Amino acid sequence: MTVPTEGPSVGISAVVDAVERLGADGLAAARTELVQLVEDEGIRYGGEGGRHWSIDPLPLLLQAEEWATLEAGLAQRARLLDLVLGDLYGEQRLLSSGAVPAEAVWGHPGFLHRAAGVPAPGEGWLPLLATDVGRDAATGTWLVLADRADAPAGVGYAMATRRLTTRVMADLHHDAPPARMRSFFSAMRAGVQQAAPRPDHTPRGVLLWSGAADETAYEQGFLATLLGYALVEAEDLLVRDGQVWLTSPEGRALVDVILRRVPSDLADPLEFRSDSQLGVAGLLEAARLGTVATLNPLGSGVVENPALLGLLPALAPQLLGEDLALATPETWWCGDPAQRSHVLAHLDSLVIKPINRDRAPSRAGWELDAAGRDAVRARIAAEPWAWCGQAPVELSTEPVVGDHGLEPRRVVVRTFGARVDGEHVFLPGGLARAARGPDFRIASADGALAKDVWVLDPAEAQETWARTFDGGGAVVQRVQAPAPRVADNLVWFGRYAERADGTARLLRVVADLAQDHGRRPGSRGAQTLAAMLDAGERLTGLELSSGDVTAALTHLRHAMSRTATTGTVAHSVRRLVDAANQVPDIMSGDVWHVLSRLERLVAGAPRRHDLAGVLGDVVTQTLAVAGINAESLTRDVTWAFVDAGTRLERAQRTVALVQHAFGVSRALVVENQVAESLLAACESAITYRRRAASGEAPDRPAVAAAQLLLADRTNPRSAAYQMDRLAEDLGLVGDDELAARADELAGGLAASDLEELFAGPRDRVVDAAVVWQAALRDLADALHRRHLTRSAPRRATLSDWWSGPAEEH
């Protein structure tokens with residue numbers, strides 16, 4: 001652990017004492033607990049199919065004096081980069097004077113010629129900035145390794161890392177309390193809103209992302225929640241009359257500020273890459289007209305150019321009148337003949353970096369063989385302006401909790417700044433990333449460990465961060481109805497939650513029957529099992545029926561755990577999680593814990609012998625999802641769409657179960673047992689027994705079951721009840737016509753003469769169910785056409801466009 005030699009050391013002592021108190025076993029337990037918490041909260045890096053975020057329990061400590069010095073250097077650097085960016089897209093004096101070589105800028109993909117002349121958003125060109133820094137192992141001084149300005153990522157991960165680290169190291173956090181982070185997000189929100197072009201009303205802000213497949217999708221959803229911004233995709237926005245609008249079925253709402261997480265060159269297919277489906281056509285023109293602020297401005301990525309690292313020390317006196325406080329690794333741009341000669345002469349001891357990191361990764365010259373060095377020389381000779389050489393930096397190490405106790409690992413810290421009230425303020429500390437092993441590269445994509453960064457001496461720090469910022473408390477408005485993309489995912493969230501619950505309940509009943517009666521062929525119980533297997537097979541489309549109990553139980557396990565097979569519990573859970581990931585800004589924070597447990601349950605089902613038990617555990621978690629929705633979502637249009645999905649799914653499945661269970665004539669005793677099983681699968685058995693005992697239920701159990709599951713408007717599991725609730729949901733959506741149709745369908749179900757229907761041939765039961773199913777499908781289709789149809793569904797994600805290497809240092 002790097003310990004500062006000056007300043008207060010109370011926090012350092014607290015950490016040392018905590019490490020000694022915990023010992024190797026305690027630290028290992030803290031690491032294991034962090035793994036579990038990360039899984040529970042669904043914190044991932046790499047988008048769909050990516051890895052869980054990895055956190056080391058030990059924080060990186062900075063004394064207040066050290067942080068103050070680093071923060072001042074970061075603020076100076078932010079001012080300098082702001083001036084450079086403004087000049088490159090404005091008067092271009094740096095280019096005309098030769099202070100910045102034109103080839104180094106024009107050859108960088110971050111420089112977008114068409115963005116020249118677009119006004120700055122607010123008072124500066126870089127409202128948001130991330131800077132990667134590291135300590136030189138030899139001198140202990142901080143060095144700037146890279147700047148991230150186009151769509152800087154990581155601040156959400158920093159907050160998530162802090163939340164979990166303080167939970168597993170609660171005593172340490174209490175003894176050495178670090179400066180809090182939350183005030184930075186108030187400053188960030190205030191700065192974003194201050195960049196809005198129209199001061200005459202409360203700005204409407206959105207966060208533009210590329211969807212759940214983006215590698216930092218988790219943090220984008222988390223950040224949107226922290227800021228109170230709606231997550232939007234390109235299809236949710238529309239440019240008309242030079243202004244950006246957020247679309248919904250009820251109309252359009254003007255957008256003032258776009259916090260952009262889509263790369264600049266993909267943000268406007270009219271101006272940049274025409275093949276991009278992630279951008280908003282006309283966005284650059286709206287920014288040029290000054291009707292919307294994009295943060296950061298389109299083309300900001302040019303300051304990420306590694307060639308600038310070697311130029312900034314000379315630019316600082318020219319633009320700021322002072323020397324650059326934070327040093328950078330010595331860098332040589334190969335477009336200059338003298339510097340190119342130095343790089344070629346020392347190729348085996350330098351890091352070779354392309355200025356366009358999309359085209360090639362950085363290479364350590366000492367790792368190349370003779371053929372590799374010759375190939376690099378040839379590429380530099382062909383395009384000298386496209387390459388830099390950089391002196392390697394031996395970074396200092398910090399302890400991480402390894403498999404065998406504390407292990408030293410090289411560390412990079414990403415800092416985060418936001419411009420507010422005319423100056424940049426910084427998140428106290430930032431996010432540290434520690435190498436997984438002894439290799440000098442540190443890349444999130446390679447599994448780098450996250451470490452919380454604690455700025456100590458909080459008495460002064462908390463006083464500083466108690467400031468308020470103009471606009472920080474402003475309410476970010478939302479349109480009354482969500483965009484069709486959002487509504488579609490909300491409806492399917494409700495549908496898949498209900499589908500997972502209903503399938504698990506049905507399979508649990510069938511599993512119990514198989515255990516009790518499966519080994520007695522021909523018995524009434526076996527006939528009941530066969531009837532329920534057949535009903536389940538028809539409902540789910542899965543292969544369940546089998547004369548052999550062992551095969552039947554195998555089929556049931558497959559119906560539980562096969563994620564790729566439509567109709568299984570695992571498939572429904574996977575799609576449920578997918579729908580939630582598409583609208584993370586709307587989901588309750590508690591829902592991620594439940595979804596994570598659901599995923600673990602279905603993944604571990606094949607290893608458990610108690611099939612009915614694991615299905616019962618699944619039902620417990622689906623009930624938790626329903627409870628969170630019921631108690632956490634405000635009863636507005638958002639709630640209405642989730643609930644509408646639940647009601648439609650439950651109604652359709654209930655009608656289908658009644659059809660498949662009672663659509664075949666059976667012996668009366670078997671039919672009665674089927675009715676009992678069906679009521680158990682639909683959570684209505686207790687109500688039936690109470691009514692039967694009091695003489696309120698029809699004498700025939702099948703009729704009583706059908707009455708309770710189809711027509712009883714007081715039973716929360718009946719189809720009629722679902723239609724009553726759906727009518728209320730559609731009323732919240734504002735669709736009176738569909739609400740009237742749902743109400744009419746509820747009345748029709750409630751008025752059905754089921755005793756008369758069951759008195760005749762069972763074909764009549766099937767025919768009636770088919771009619772009800774058709775009416776439900778028509779209602780679902782109408783809801784989809786009116787409120788869920790997406791104007792231009794996006795078929796590609798950011799990963800489809802990004803072919804470059806991962807960030808590394």
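What you see is a predicted model, and the numbers here were worked out from it, not measured in a lab.
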For a quick test of your reading: what N or O donor-acceptor pairs under 3.5 Å do the side chains of residues 626-633 make, sequence neighbours left out?
from   : atom 1 : to     : atom 2 : distance (Å)
Asn629 : ND2    : Val625 : O      : 3.4
Ser632 : OG     : Ile628 : O      : 3.0

query: So, are Glu599 and Arg574 salt-bridged, with charged N and O less than 4.0 Å apart?
result: yes
query: Are any of the side-chain nitrogens in Arg409 or Asp56 under 4.0 Å away from the carboxylate oxygens of its partner?
result: no
Parallel, tilted or perpendicular, as decided by the 30° and 60° cut-offs, for the rings of Trp53 and Tyr157: parallel
- request: May I ask you to decide whether Arg508 forms a salt bridge with Asp617, counting only side-chain N to carboxylate O separations under 4.0 Å?
  value: no
query: Taking 4.0 angstrom as the limit, do Arg410 and Glu394 come out as a salt bridge?
result: yes
message: Check Arg261 with Asp150, please: is the shortest side-chain N to carboxylate O separation under 4.0 Å?
response: no
message: I need the Thr328 OG1 to Asp147 CG distance, nearest 0.5 Å.
response: 9.5 Å
- prompt: How long is the span from the OG1 atom in Thr415 to the CG atom in Asp132, to the nearest 0.5 Å?
  reply: 7.5 Å
message: Do Arg436 and Ser54 pair up side chain to side chain, a donor and an acceptor below 3.5 Å, judged on atom types alone?
response: yes
field: Inter-residue atom distance Gln36.CD - Leu34.CG, 0.5 Å rounding
entry: 11.0 Å
- request: Using a strict 4.0 Å threshold on nitrogen-to-oxygen distance, state whether Arg167 and Glu41 make a salt bridge.
  value: yes
statement: Rounded to the nearest 0.5 angstrom, the CG-CZ distance for Leu128 and Arg260 is 10.0 Å
query: Under 3.5 Å, side chain of Arg557 to main-chain N/O of His609, donor-acceptor pair present?
result: yes
task: For the pair Asp585 (side chain) and Gly221 (backbone), establish whether a donor and an acceptor sit closer than 3.5 Å, ignoring hydrogens and angles.
output: no
task: Check step by step if side-chain hydrogen bond (donor to acceptor under 3.5 Å, both in side chains) holds for Ser596 and Arg600.
output: CA-CA 6 Å; Ser596 177; Arg600 290 201 299 271; 2.8 Å; yes
Full working for salt bridge (Lys or Arg N to Asp or Glu O under 4.0 Å) between Glu39 and Arg597: CA-CA 8 Å; Glu39 290 184 5; Arg597 294 189 187 106; over 6 Å; no
- prompt: Under 3.5 Å, side chain of Gln582 to main-chain N/O of Val486, donor-acceptor pair present?
  reply: no
message: Using side-chain heavy atoms (C-beta onward) and a distance below 4.5 Å, is Leu126 in contact with Asn296?
response: yes
query: Taking Thr568 for the side chain and His571 for the main chain, is one N or O donor matched with an acceptor at less than 3.5 Å?
result: yes
- prompt: Does the side chain of Trp142 pick up a donor-acceptor pair with the side chain of Glu66 at under 3.5 Å?
  reply: yes
message: Main chain of Ala325, side chain of Gln76: is a donor-acceptor contact present, judged purely on distance under 3.5 Å?
response: yes
query: With a 3.5 Å cut-off and no angle check, do the side chains of Ser186 and Arg182 form a donor-acceptor pair?
result: no
- prompt: Has the side chain of His424 got a donor or acceptor atom that lies under 3.5 Å from a matching backbone atom of Phe416?
  reply: no
- request: Give the C-alpha distance, both sets of side-chain angles, the deciding distance and a yes or no for side-chain contact (heavy atoms from CB on, under 4.5 Å) between Trp366 and Val351.
  value: CA-CA 8 Å; Trp366 58 91; Val351 178; 3.8 Å; yes
query: Has the side chain of Thr646 got a donor or acceptor atom that lies under 3.5 Å from a matching backbone atom of Val642?
result: yes
- prompt: Judged by modelled atom types alone, do Thr165 and Trp454 share a side-chain donor-acceptor pair under 3.5 Å?
  reply: no
Test log, rule side-chain contact (heavy atoms from CB on, under 4.5 Å), inputs Arg433 and Val411: CA-CA 6 Å; Arg433 291 173 294 166; Val411 170; over 6 Å; no
message: A side-chain contact here means heavy atoms from C-beta on lying under 4.5 Å apart; do Leu431 and Thr161 qualify?
response: yes
- prompt: Is a side-chain donor or acceptor of Asp610 paired with a backbone partner of Ala612 at a separation under 3.5 angstrom?
  reply: no
task: For Ser210 and Gln220, work out which heavy atoms get closest and say how close.
output: N-OE1, 4.5 Å
message: For a 4.5 angstrom cut-off between non-hydrogen side-chain atoms, does Gln621 reach Val618?
response: no
task: For the residue pair Trp492 and Tyr496, categorise the inter-ring angle as parallel (less than 30°), tilted (30 to 60°) or perpendicular (more than 60°).
output: tilted
